[in-house]
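Shown next, in C-alpha cells, is the structure this report addresses.
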Amino acid sequence: MYRLSVTLGQFLVFVVFFAIWELLVDLLHIRPVILPAPTAIAEKIWENRALLLKESWPTFAAISLGFIAAVVSGFLLAVGIAYSRIVRDLTYPFLIAAQILPKIAFAPLFLIWFGFGLTPKIVIAALIAFFPIVINTAKGLTSVDKELLQYMDSLGSSGWEKFTKISLPWALPYIFAALKISITLAIVGAVVGEFVAAGEGLGYVINSSNITLNTELMFAAIVTMSVLGILMYLAIVLLERYMLPQGQLEDSGHSTM
Amino acid sequence: MYRLSVTLGQFLVFVVFFAIWELLVDLLHIRPVILPAPTAIAEKIWENRALLLKESWPTFAAISLGFIAAVVSGFLLAVGIAYSRIVRDLTYPFLIAAQILPKIAFAPLFLIWFGFGLTPKIVIAALIAFFPIVINTAKGLTSVDKELLQYMDSLGSSGWEKFTKISLPWALPYIFAALKISITLAIVGAVVGEFVAAGEGLGYVINSSNITLNTELMFAAIVTMSVLGILMYLAIVLLERYMLPQGQLEDSGHSTM
Amino acid sequence: DTVSIRLDWAYGSEHAPIFLAIKKGFFADEGIEVKLMPGEGSSVTAKLVGNRDADFGYATADQILIAAQRGLPLLTTAVILQQNATALIFPKDKPIKDLKKDLAGKTVGVQLKSTTKLQWDKVKGDQKLDATTFKEVPADLAIVPLLSAGRIDAGIGYFFNDGLKARAAGMDVDWILFEDLGVKIYSTALFTNSEFAQKNPDLVRRFTRAFVKGWIYAKAHEPEALAAFIEANPETDKVYAKMKLPEVLRLTESEDVSKTTMGHSTPEGWNSLQETLLQMGVLPQKIDVGTIYTNDYLK
Amino acid sequence: MGKAPRITIEDLSLAFRTGTGPFVALDRVSFDIAPGSFVSVVGPSGCGKSTLLKLLSGVYSPTSGRILFDGKPVEKERLQGQVGYVFQRALLLPWRTALQNVMLTMEVARRSMTRAQREAEALKWLEIAGLKGFEHRFPHELSGGMQQRVSICRALAFRPQILLMDEPFGALDEITRETLQNELLQLWQQTETTVVFITHSIPEAVILSEQIVVMSARPGRVVERINVPFPRPRVDSVREHPDFVEMAGHIRSLLHPRAHAIAAE
Amino acid sequence: MGKAPRITIEDLSLAFRTGTGPFVALDRVSFDIAPGSFVSVVGPSGCGKSTLLKLLSGVYSPTSGRILFDGKPVEKERLQGQVGYVFQRALLLPWRTALQNVMLTMEVARRSMTRAQREAEALKWLEIAGLKGFEHRFPHELSGGMQQRVSICRALAFRPQILLMDEPFGALDEITRETLQNELLQLWQQTETTVVFITHSIPEAVILSEQIVVMSARPGRVVERINVPFPRPRVDSVREHPDFVEMAGHIRSLLHPRAHAIAAE
Ligand SMILES: Nc1ncnc2c1ncn2[C@@H]1O[C@H](COP(=O)(O)OP(=O)(O)OP(=O)(O)O)[C@@H](O)[C@H]1O
Ligand SMILES: Nc1ncnc2c1ncn2[C@@H]1O[C@H](COP(=O)(O)OP(=O)(O)OP(=O)(O)O)[C@@H](O)[C@H]1O
Ligand SMILES: [Mg+2]
Ligand SMILES: [Mg+2]
C-alpha cells in the first residue's frame, strides 16, 4: 500500500515538475538555446536514440572502470590508513592535497600525459571518485567496537580474521555510503574526461552540442547520462540490500507490531 | 618523538617527490608548456605573489559561501530524510538524479540563470558539495542506538531534545567525514565556476593562463589553490578536534600504558 | 600511412571541406588514412601537436605562434582561414555603430577561453575606448543564449559561430568584424610538428596537398561539402550548417591567396600577427616567424 | 512534585515482528500498581519483563490492551519528568563523562533546576554509588559495574514519581548492591515514588517489595501476584524467618516447572 | 586437544592512561592457577577483575609483571583456540543471528570442524541454554538474558582449554543459571579445562570453585586466596552446611571493610 502510493507520489512530482517546465518555456517564450521544452528534448531523444545508445557505451565503460579503480585503490589505502599510523600520517597530507587539486584544470594535461581514448577518462573518473571511498572506509574501519576486537584477540584470531569477520562487516554501511557518493562522482569525472579528451561518449555529445549550441541535443544527452547514472546507482543500492544483512540496514531496528 | 619524526617523514616525502619531478623535467627535457619544473613554478609564484593573493579572495568567498550553503541545505534535507519516510521516498530519486546530472555541462546555462559574478560560482560549488552532506548525515542520524532514543522517550523528552542530545552528537563523526569530502568538492565546484563564469579568482587565472600557454602561471595558480584548499580543510579538522569529545575521536579507545 | 589530425573544436560545418576531402578520397589517393579528432580549443590542439600526440593540428594561427614562442616545435603548412573571424555581435534592435558612443552603459560578453578576449583588449586600446563606461562579463560558450536572454547587450565571438547561430536561432543580430577594426590577423591554419616534418617531409607534403585540395574542391562544390559533412554528422543543426559554410569558405580568400594558392601565407602576414600579439601582451618576445611557417609543402 | 499516579494495566499484549513471523512477547497481562507502592517482577529470562517496562514507560505501544495512569491513557507529554528508567544495559552516552551522563536526565526532566543544582545533585548520587573520583571518566573508562551504577544514578538523581528498574543491581557486588538497595528504599519511603523493579534474585524481590508479580514465558503471562507482608525495615535477619523462606520457596516453585519446560522444549 | 597449561601470574600491574593521569587498576597481583582447576575471582565493582581477565587472555599487555603459561610468556599464536572468553557485555555481532554468533568462535578457533559439525555443536549449546526457537534471531531481537546466554554458548561451544568467564550468569534467572552452572561443571569435569570465573555472588563462587581469589579495590590487589574443600558434587543442601556458611561469611567480611571505605571515600 505505502510502496504503491510512494511510487505514485514520485511519479506525480516528476509530472508536475516537467509540466511546469513545459508551461514556463511556452508562456515566457523562452528560446530553445536557453532552455528547451521537455517535449522538445523528448523528441530529440527519440530522434537520436541510436546515437545516444551508441555513445552510452564508451561512457559506461569509462564510469565503471574508473569507479572500480577508485574503489579498489581507495579501499586498499583506507585499510592502510586504518591499520598503520605511519601510513596514515604519511599519506593524509598528500591525499588531501591530491583531492583539493582542481583535477579539471589538469584535464587538458591528462590528455597529453595519458593519451586519448579511454585512459584519461578512467583516470579522471577514478581520481574524483577516490577520496570519499578512502575517508569513509577508514572511518568505518576505525569505528569498530574495541571490545569486539578484543574478543577476537582472546580467541587468538589472526588480523585477517578480525578484518573479515568484524571490521569489514562493521564498516560496510560506511562503505556503501561512500560507494553511493563515489559512483556519482565517477560519472562527473567521466563526463569531464569526455569533455576534453574524447571523440565519443555522452560527454562528448554534451560538449560538442553545447559548442554548436544544439541545446536540445545537449539536454537529450544529459538526460541519457542521468538515466545511465541512475541505473548504476540503483545497482549499488541493490548490492547493498543484498550484502547488508537485516541487522544493518537503515530501516531495521526494534519494531513492534 | 613520534610526532616529530612524522613531520620529518612528511617533509621528506615532499622533498623526494619534488626532487624527482625536477629531475625528470630536467633529464627528459620536458618543455615548460607541457610540465614546468617545481623550481620554475616556485619562481612564478614568488613573482606573481600579489596577483595570486588578490585572486585568492574571490575564490575563497565562492568556496566558503558555496560550502556553507551546501552544508546548511544538505543538513536540513538529511534531517527530513532521517525523520520522515515520505520526505525520504519523495526526495531520494530526485536527489540522486540531481547528483548525477553533469552540473559542469550546465555551467554556461548557470550564467544565464543566475547572472554573473559570485552567484553562479556559489551555486555550482554548493550543488557539487551538497550530496555527501545529505547522504552521510542521514546515515549518521539513522544509525543511532535505538535503545538510547527509547531511554529519552521514557523521560518524555521532546523530539528536539532527542535530536540535540542524542542523534546529533551521535551523527557528528559521520557529519565531519562528510564535511571533509564536501569542502574539497566545493573547491572543485568553485574552480569550475570560475572557469566559465568569472573574470576573477584563481580558477580564472588557471583558465586564462592555460589559454595563453603560460603553464608556469597555471601551475602557480593551482598550487595557490591547493594551499587555500588545504587551509580550509585543516580548519574543519580543527573544528572536529574541538567539537568531538574524546569519546568520539578516531584515535580514542581503550588505551593501556 | 596513418596520420592523425586534431581539429580546433567539435565538428561543425566550418570543417566540412575536411570531411569532403576524406569522402572524396583525396587522402586515400595520397596513400594516407586519416584519423580525425575533434578539439577542445586551439591552445590544447597546439600543445598536443607540439607534444607529438597528434601528427597534425588545425587551430588558430595566434595559438600556433604563442606555442612556438613557448618552445613547442610547430610548423604551419597552410593558412586556411586568411581573415580574422572575430566580431562584436549585437542584436539589431540595440545597434552599435560608433563603438565610442554606443557601448556606453552596455554589458559585453567576452570569452575567456579564447584569444578573442585579448583581441578585444587590443581593439579597446586601438580605439581608445573608455572601459569604465561599459561592463564586461565572462560568457564562454554562451554568447548566443546570453544575448537571447538579454543578459548581455553585445558579445565578442566568431561571427560564423556565434553570429550565425544567433540568426539560425531566429534572432536578428548584426556584427562588426575585428578585421575592419584593424585586427588583421590570420585565423585557422593547418600545422604539424616540425620534428615530425623533418623526418617525414614527403608524408607532410602529401597530407597538406590532400588537405588543401579538399578546401579548393569545397569552394567550387559547396553543396557537396555540406552534404559530406551532414552525412558524417547526421545530428547536426542543418539550417545553421548551411548558413555557416559559405561564410567560412569566404574567409579563405585574400589578396595573397588569389595571387598564389589556397593556404599560402606571407612574412608580412605573420609579422603583423606577431605585432598584434605583442601588443596584446600575450607574447613576451619576438621570434623569427620564418621558422614557424612554410609554403614549401603547398607544392 | 505531584503524587504518583495509580497505574492500571489492562489486558496488555505485545507482539514483535520477526523474520519468522509475529512473536507474542506479552499475552494479556493485567494488574494494578497502587501509587507509591514497590512492585517487583520476577520471571525466567525472555518472559517479557523488559518489554513490560518499555510499555509502562511509553517506549513501546501495545498491540492490544492499554495502560492507564489515574484512569487516563498514557501520553508522552504527561510522562515528562515523571518516569525514571534504569535500562538493562547501562546505555550511557559515550561522549559524555559519568557526571554529564547523570546530568542528562535532569536536563531533560527537571528544567527548573539550575546547572549548579544539577551538578550538585549528580555529584551527590555518584558519591553514594561509590563513584567519587570517577566523575570525569568517559563510559569506556569505567568497569561494567561502574557503568551500571552511573545509569542508576542517572535515574535516581531527578527524583521521578515512577521508577522503572530493569535488573539494576545485577552487575554489582553484594556490598555496593546493599548500599544502593538501602538508598533506593530510603528514597522510596521519603517520597511518594512508585517503583517497578525487575530482578532475578528472589530474596532481593522479597526483601524490597510490597508486591511481587511472577511471570511465565512463551507467551509472557502473569502467573501469580504475591503480597509481601513483612514489616519494615526488613533487616538481613528476615532471611532466616520461616515465612520468608516459605515465600521464597513458593516463588521458586512457581518458576520451576515452566522454566524447565522451556529448557527442554 | 592438549592439556591446559599451568598459569603463573607474577607481580602483574596495569595502569590505564586517563584524562586525569595514569590510573592503577591492578597492583602487583600474583597467583598460580593449576591446570584444570576452577578459580573464582570476587571483589568489589571496579577492583580490576575484568582487567585481570583481559590480561590473561592477552587482550591487554601488563604495565609490569608477567603471565606465564607452563613457564613460558603468553604469545598470541599459542593462545589460538585455547581460550574461551565470556565478556561482561554480551558483545554479539549485530549482523549475525544467534546461531551464527555461536559459530563465530568455532570458525576462528576450531578450523578443523566442518560447517555441519559447527552448526550441530552450536545448536546443541543453544538448546542447553534454552534458546531453541531463537537460533535465527538477530541480537537486537533477543532479551538481555538471552543475549548473555548466546555469548556463553559461544565460549563453551568450542571446548577451549582455558575458559575465562566475566560474570556470565549475572543477568540470568535462578533456573537458567542453575542449568548453565551444571552444564559448566560437567564440561569442566569431563575435560581438562581450566576455568577462571568472575562473580558477585559469594555462594556461587563457593559452590562452583576449587579456589577463590578475593580482591580489593583502588588499587586492585589480591586480599586472600581461599581453598574450597567441599566434596563434589555439591548439591544445593551444601548451602546449609555450617562450613559453607562460615566460609561465605569470611569472604563477606574480607570484602566488607574495604568496600565500605570506598563508598564513603
Ligand atoms: N579503558 C580504561 N581506561 C581507564 N580506566 C579504566 C579502563 N578500563 C577500566 N578502567 C578502570 O580500571 C578499574 C578496574 O576496571 P575493571 O573493569 O577491571 O573492574 P571490575 O573489577 O571488572 O569491575 P566490575 O565488577 O564493575 O565489572 C576501574 O576503576 C575502571 O574505572
Ligand atoms: N525487538 C524485538 N524483536 C523481536 N523479538 C523481541 C524483541 N525484543 C524482545 N523480543 C523477544 O520478546 C521476548 C521478551 O523479551 P524481554 O526483553 O522483555 O525479556 P525479559 O523478560 O526482559 O528477559 P531477560 O530477563 O533475559 O532480560 C523475548 O523472547 C525476546 O526474544
Ligand atoms: Mg530484560
Ligand atoms: Mg568487570
Side-chain angles (χ1 to χ4, degrees), chain A residues 2 6 9-10 13-14 17 34-35 85-86 89-90 93-94 96-97 99-106 108-109 112-113 128 131-132 135-136 138-139 142-143 146-147 150 173-174 177 180-181 184-185 187-188 191-192 195 203 206-207 210 218 221-222 225-226 228-230 233 250-251 253-254, chain B residues 2 6 9-10 13-14 17 34-35 85-86 89-90 93-94 96-97 99-106 108-109 112 128 131-132 135-136 138-139 142-143 146-147 150 173-174 177 180-181 184-185 187-188 191-192 195 203 206-207 210 215 218 221-222 225-226 228-230 233 250-251 253-254:
Chain A
Y2 177 77
V6 159
Q10 291 174 342
V13 176
F14 254 116
F17 176 73
I34 295 181
L35 184 66
R85 199 165 156 189
I86 300 208
D89 287 340
L90 287 191
F94 302 95
I96 296 157
Q99 169 64 7
I100 285 164
L101 283 182
K103 283 164 283 291
I104 293 162
F106 284 109
L109 292 176
I112 295 166
W113 298 341
I128 296 188
F131 194 65
I135 290 277
N136 262 29
K139 185 102 226 157
T142 50
S143 72
K146 300 286 175 297
E147 274 202 305
Q150 292 179 355
Y174 288 82
K180 289 183 197 165
I181 296 168
T184 67
L185 292 179
I187 293 167
V188 172
V191 171
V192 171
F195 278 12
I206 293 172
N207 195 36
N210 188 21
M218 176 179 138
I222 287 176
M225 188 76 235
S226 306
L228 180 66
I230 288 170
Y233 188 93
E250 243 161 65
D251 36 7
H254 298 262
Chain B
Y2 178 77
V6 160
Q10 291 173 341
V13 176
F14 253 115
F17 175 73
I34 309 287
L35 183 66
R85 199 166 154 188
I86 300 208
D89 287 339
L90 286 191
F94 302 95
I96 296 157
Q99 170 64 5
I100 285 164
L101 285 182
K103 284 162 283 290
I104 294 161
F106 284 109
L109 293 177
I112 299 160
I128 297 188
F131 193 65
I135 290 277
N136 262 28
K139 185 102 228 157
T142 50
S143 72
K146 300 288 175 300
E147 275 202 304
Q150 293 179 354
Y174 287 83
K180 288 182 198 166
I181 296 168
T184 66
L185 292 179
I187 293 167
V188 171
V191 171
V192 171
F195 276 13
I206 293 172
N207 197 31
N210 189 20
T215 317
M218 177 180 140
I222 287 176
M225 188 76 234
S226 306
L228 181 65
I230 288 170
Y233 187 92
E250 243 161 66
D251 38 6
H254 299 262

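Naming: A, B, ... by sequence-line order, numbering from 1 per chain.
With a threshold of 4.5 angstrom between heavy atoms, A/Ile135 approaches chain B through side-chain atoms but not through N, CA, C or O. For A/Ile206, the part sitting under 4.5 Å from any heavy atom of chain B is the side chain, from C-beta outward, and nothing else. Interface residue B/Leu35: only side-chain heavy atoms are found under 4.5 Å from chain A. With a threshold of 4.5 angstrom between heavy atoms, B/Ile181 approaches chain A through its backbone and through its side chain. For A/Phe17, no part lies near chain B; criterion is any non-hydrogen pair under 4.5 Å.
By the 30° and 60° cut-offs, the orientation of the rings of A/Phe14 relative to B/Phe94 is tilted.
With sequence neighbours left out, the side-chain contact (heavy atoms from CB on, under 4.5 Å) criterion links B/Leu90 to A/Gln10, B/Ile86. Checked against side chain to side chain donor-acceptor pair (under 3.5 Å), B/Ser226 has no partners two or more places apart in sequence or in another chain.
For the set A/Val188, A/Ile230, A/Ile128, the count of heavy-atom pairs under 4.5 angstrom toward chain B peaks at A/Ile230. Contacts with chain A were tallied for B/Ile96, B/Leu185, B/Ile187; B/Ile96 has the most, counting heavy-atom pairs under 4.5 Å.
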